[in-house]
Amino acid sequence: MTIGEKTTTNTYLNYINGSWTASSSGEVDKSTNPANAQEIVGYIQKSTAADLDRAVQAAKEAQVQWRKLSGAARGDYLFKTANILEARLNDIAETMTREMGKSLPEAKGETARGVAILRYYAGEGMRKVGDVIPSTDSEALMFTNRVPLGVVGIISPWNFPVAIPVWKIAPALIYGNAVVFKPAQETAVTAAKVIECFAEAGLPAGVLNMVTGAGSVIGQGIIDHKDIKGISFTGSDQVGKLVAQGAVARGAKYQLEMGGKNPVIVAEDADLDLAVEATVSGGLRSTGQKCTATSRVIVQSKIYDLFKEKLLAKVNEIKVGDGLNSDTWMGPCASENQLNTVLSYIEKGKQEGATLLAGGKRITGGGLENGFYVEPTVFENVNRNMVIAQEEIFGPVLALIKVDTIEEALEVANDTKYGLSASIFTQNIGNMLSFIREMDAGLVRINAESAGVELQAPFGGMKQSSSHSREQGQAAIEFYTSIKTVFVKA
Ligand SMILES: NC(=O)C1=CN([C@@H]2O[C@H](COP(=O)(O)OP(=O)(O)OC[C@H]3O[C@@H](n4cnc5c(N)ncnc54)[C@H](OP(=O)(O)O)[C@@H]3O)[C@@H](O)[C@H]2O)C=CC1
Ligand SMILES: O=C(O)CCC(=O)C(=O)O
């Protein structure tokens, strides 16, 4: 530890077979605050393949009894976990803000969403799992049932440290699977606090295990482990491809949620104030670090100048700072790496000839020198082939693209490898219908921002944004179970 680092920290352990356990490596990583890199939020285990193996063995053994419980009994554990998470909401949200930087109201909202997700899937334990299908044999009964996969591996990113783990773990458990969870190392303290809620709810030992450590060791270990029958992953498209290739190679099921390059189309008949509000919120909340964040703003030429003027006025009002401060609207990037990635995309935009209208620089003044802050940034004169119009930046950067018609807007909107979410602002029913029909995205939103996922609805992308599967809502059953078709004759 270097002089000047705060030392008010705890060490967080792995959770394996119902016990909090140190890694066999004897090593820890530190998790620091991106608002002030000198502040250590906690120490987390730097685990080994042997730790992972113990967790998988514990999960495999525990799953045998867990799957035999009724759905209602499994649901009771999730209801209890929800109540505990709700009671600890303020502490967990504050930890999230300190660990990855999003503003405290956003962190509280996300933690409350975690509570709601747990309650939703707790109820799912009482809902139907199959259908009766008429057999061609009039004396037989034919129906479908659902069976769990077995042990599932969950690999999550740092940008939603509560909601994403919970929306993967809760359905995995309710449908009778046991879980080995590897959170992003960046937000492993928040993850440990979430797992404490499950532990305190009395979940049987081994049903849920958490192993922290490097993606290249624990994440790759999950990909390769023969006893892990399904892998759910959210993160970069590079790692997502590794998950897919590794899973296919050994016949495991997999599910991927990866990037987005989400457009908002602003039609000439749009309510411009609403469109500006949604572009700012959709693009810059959470410092642009959402896979559903708006990054391309495609505006019809007739209202382009007025929209731009209103947008810049709003962007220039944004207060950037430590997410724990009540007047902060936008926190820092989640890490130094993330900051550097964002700054390099901004440089690339300038080199390629886009015009910088706002922001563009790291912020180091006003007490922010120890954090990873970047100005909210807006480019114009962006051509659809530029890198900043094609690649996911995962930062507070908006690219304005001027078009003449809605047809052209849709063509530009679809012109990336991604297809996660998309919005249009218009009053015209014809525009709305064209957008719903022609926009290649898993989530299309009319007169609402591109970010805004509801836990009871299917979520996932088209093209290279996902593995073409869906998470959340009742769609989760498709990944976490296999269908068994049953034919019975007396
Ligand atoms: N779709 C989304 O929601 C997200 C997209 N991203 C995109 O990805 C970019 C990079 O972010 P980054 O955090 O590096 O994303 P990663 O894809 O590297 O991380 C996501 C998760 O995968 C783990 N991981 C890393 N390497 C491997 C591996 N070889 N095998 C298995 N698991 C692995 C990570 O572990 P570890 O803790 O060691 O990093 C983490 O738990 C961002 O800039 C953004 O563009 C990032 C996060 C979320
Ligand atoms: O917008 C949301 O709420 C979810 C976004 C998401 O899944 C992600 O950023 O990884």
Side-chain angles (χ1 to χ4, degrees), residues 29 31 44-47 52 99-100 102 106 109-110 113-114 117 153-168 181-188 191 210-225 228 231-247 254 256-262 281-283 285-295 333-342 344-345 391-395 397 418 420-421 442-443 445 448-455 457 459-461 464-467 470-472:
D29 276 335
S31 175
I44 61 244
Q45 303 302 304
K46 199 170 172 183
S47 305
L52 174 67
E99 206 173 21
M100 62 73 67
K102 74 174 63 169
E106 287 178 278
E110 183 187 333
R113 183 166 147 197
I117 294 168
I154 289 174
I155 305 175
S156 65
W158 42 262
N159 62 333
F160 283 88
V162 172
I164 294 179
V166 171
W167 86 46
K168 293 177 187 293
F181 165 47
K182 182 251 176 284
Q185 200 71 336
E186 201 72 55
T187 49
M210 181 188 78
V211 183
T212 62
S216 56
V217 178
I218 306 304
Q220 190 63 46
I222 287 177
I223 297 174
D224 294 335
H225 204 294
I228 294 184
I231 306 165
S232 181
F233 168 85
T234 300
S236 63
D237 52 355
Q238 296 87 331
V239 176
K241 286 191 175 110
L242 294 179
V243 173
Q245 284 158 359
Y254 66 93
L256 313 173
E257 290 307 334
M258 302 174 288
K261 192 66 196 168
N262 312 300
S281 174
R285 279 270 180 217
S286 279
T287 321
Q289 300 168 129
K290 296 183 189 178
C291 59
T292 49
T294 305
S295 66
C333 297
S335 65
E336 189 166 17
N337 259 349
Q338 204 54 40
L339 170 70
N340 289 336
T341 304
V342 174
S344 72
Y345 274 115
E391 293 184 13
E392 181 176 52
I393 300 175
F394 230 56
V397 181
Y418 294 113
L420 188 57
S421 69
L443 185 64
R445 292 168 56 86
E449 67 175 71
S450 66
V453 170
E454 300 218 24
L455 63 98
F459 172 58
Q464 293 190 38
S465 286
S466 86
S467 51
R470 295 290 179 266
E471 297 191 276
Q472 304 198 57

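One-based numbering along the sequence shown. Atoms within a ligand are numbered from 1 in the order they appear, just like the ligands themselves.
To the nearest 0.5 Å, atom CD1 of residue Ile154 and atom CZ of residue Phe181 are 7.5 Å apart.
Scanning all protein heavy atoms for the shortest distance to atom 6 (C) of ligand 2 gives Cys291 SG, 2.9 Å. Ranking protein heavy atoms by distance to atom 11 (O) of ligand 1, first place goes to Trp158 NE1, 4.0 Å. Ranking protein heavy atoms by distance to atom 48 (C) of ligand 1, first place goes to Pro157 CB, 3.4 Å. Protein heavy atom in closest approach to atom 9 (C) of ligand 1: Ser236 CB, 3.9 Å. Among protein heavy atoms, the minimum distance from atom 2 (C) of ligand 2 is reached at Val453 CG2, 3.5 Å. If you check which protein heavy atom lies closest to atom 40 (C) of ligand 1, you get Ser156 O, 3.4 Å. Protein heavy atom in closest approach to atom 24 (N) of ligand 1: Gly215 CA, 3.5 Å. Protein heavy atom closest to atom 2 (C) of ligand 1, with residue, atom name and distance, is Cys291 CB, 3.6 Å. When only non-hydrogen protein atoms are considered, atom 23 (C) of ligand 1 lies nearest to Ile155 CG2, 3.7 Å. The nearest heavy-atom contact from the protein to atom 36 (P) of ligand 1 is Lys182 NZ, 3.6 Å.
Judged purely by distance below 3.5 Å, without hydrogens or angles, the side chains of Gln464 and Lys261 never pair a donor atom with an acceptor atom. Residues Thr294 and Glu449 have side chains that never bring a donor and an acceptor to within less than 3.5 angstrom of each other.
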CA sep, side-chain torsions, deciding dist, call: Glu106, Ser286, side-chain contact (heavy atoms from CB on, under 4.5 Å): CA-CA 8 Å; Glu106 287 178 278; Ser286 279; 3.1 Å; yes
Would you please test Glu392 and Asp237 for side-chain contact (heavy atoms from CB on, under 4.5 Å) and show each step? CA-CA 10 Å; Glu392 181 176 52; Asp237 52 355; 6.0 Å; no
Can you list the steps and then say if Cys291 with Glu257 is a side-chain contact (heavy atoms from CB on, under 4.5 Å)? CA-CA 9 Å; Cys291 59; Glu257 290 307 334; 5.9 Å; no
Kindly indicate, with the supporting measurements, whether the criterion side-chain contact (heavy atoms from CB on, under 4.5 Å) is fulfilled by Met258 and Tyr418. CA-CA 9 Å; Met258 302 174 288; Tyr418 294 113; 5.6 Å; no
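Below 4.0 Å from some heavy atom of Gln220 lie the following atoms of ligand 1, by number and element: 29 (N), 30 (N), 31 (C). Proximity to Gln338 (heavy-atom distance under 4.0 Å) selects the following atoms of ligand 1: 42 (C), 43 (O). Per-residue contacts place Phe459 under 4.0 angstrom from the following atoms of ligand 2 (heavy atoms of the residue considered): 7 (O). Under a 4.0 Å criterion applied to the non-hydrogen atoms of Lys290, ligand 2 contributes the atoms 9 (O). Near Ala214, with a cut-off below 4.0 Å to any heavy atom, the atoms of ligand 1 are 38 (O). Counting the atoms of ligand 2 from 1 in the order shown, those under 4.0 Å from a heavy atom of Asn159 are 8 (C), 9 (O), 10 (O). Taking every heavy atom of Thr234 and a limit of under 4.0 angstrom, the matching atoms of ligand 2 come to 10 (O). Per-residue contacts place Gly219 under 4.0 angstrom from the following atoms of ligand 1 (heavy atoms of the residue considered): 30 (N), 31 (C), 32 (N). Numbered from 1 in the order shown, with element, the atoms of ligand 1 that lie under 4.0 Å from a heavy atom of Glu392 read 5 (C), 7 (C), 44 (C), 45 (O).
For the pair Asn262 and Thr292, the tightest heavy-atom approach, listed with the atom from each and the gap, is ND2-C, 3.1 Å. In terms of heavy atoms, Ala191 sits closest to Pro183 at CB-CB, 3.5 Å. Counting all heavy atoms, side chain and backbone alike, Pro157 lies closest to Gly235 at CB-CA, 4.4 Å. Scanning all heavy atoms of the two residues, the minimum distance from Cys333 to Thr287 falls at N-CG2, 4.0 Å. The two residues Glu186 and Ser335 come nearest to each other via the heavy atoms OE2-CB, 3.6 Å. Contact record, Gly460 with Leu420: C-CD1, 3.6 Å, taken as the closest heavy-atom pair.
Looking at Met258 against ligand 1, only its backbone comes within 4.0 Å, counting heavy atoms. Counting heavy atoms closer than 4.0 Å to ligand 1, residue Ile223 contributes side-chain atoms (C-beta onward) but none from N, CA, C or O. Of the heavy atoms in Leu242, only side-chain atoms (C-beta onward) come closer than 4.0 Å to ligand 1. When heavy-atom distances to ligand 2 are checked against a 4.0 Å cut-off, Arg113 comes that close only through its side chain, counted from C-beta outward. In Phe160, neither the side chain nor the backbone holds a heavy atom less than 4.0 Å from any atom of ligand 1.
When only interatomic distances are considered, the shortest N/O to N/O separation between Gln185 and ligand 1 falls below 3.5 Å. Below 3.5 Å of separation, one finds an N or O of Thr292 facing an N or O of ligand 2.
The closest non-hydrogen atom to atom 20 (C) of ligand 1, taken over Thr234, Thr187, Val239, comes from Thr234. In this structure, of Gly240, Ser466, Gly235, the residue bringing a heavy atom nearest to atom 5 (C) of ligand 1 is Gly235.
At a distance under 4.0 Å, a protein heavy atom can be found next to atom 13 (O) of ligand 1.
Each of Glu99, Gln338, Gln185 was compared with Trp158 under the side chain to side chain contact (heavy atoms under 4.5 Å, CB included) criterion, and only Gln338 meets it.
In this structure the side chain of Asn159 reaches within 4.5 angstrom of the side chain of Ile164, judged on heavy atoms. Within the 4.5 Å cutoff, side-chain heavy atoms of Gln472 are placed close to those of Leu455.
Taking a 4.0 Å cut-off on heavy atoms, Glu110 fails to register as neighbouring ligand 2. The shell of residues lying under 4.0 angstrom from ligand 2, judged by heavy atoms, includes Trp167.
Here Glu110 pairs with Lys102 in a salt bridge; the nearest charged N to carboxylate O distance falls below 4.0 Å.
Classified by interplanar angle (parallel below 30°, tilted 30° to 60°, perpendicular above 60°), the ring pair Trp167/Phe459 is perpendicular.
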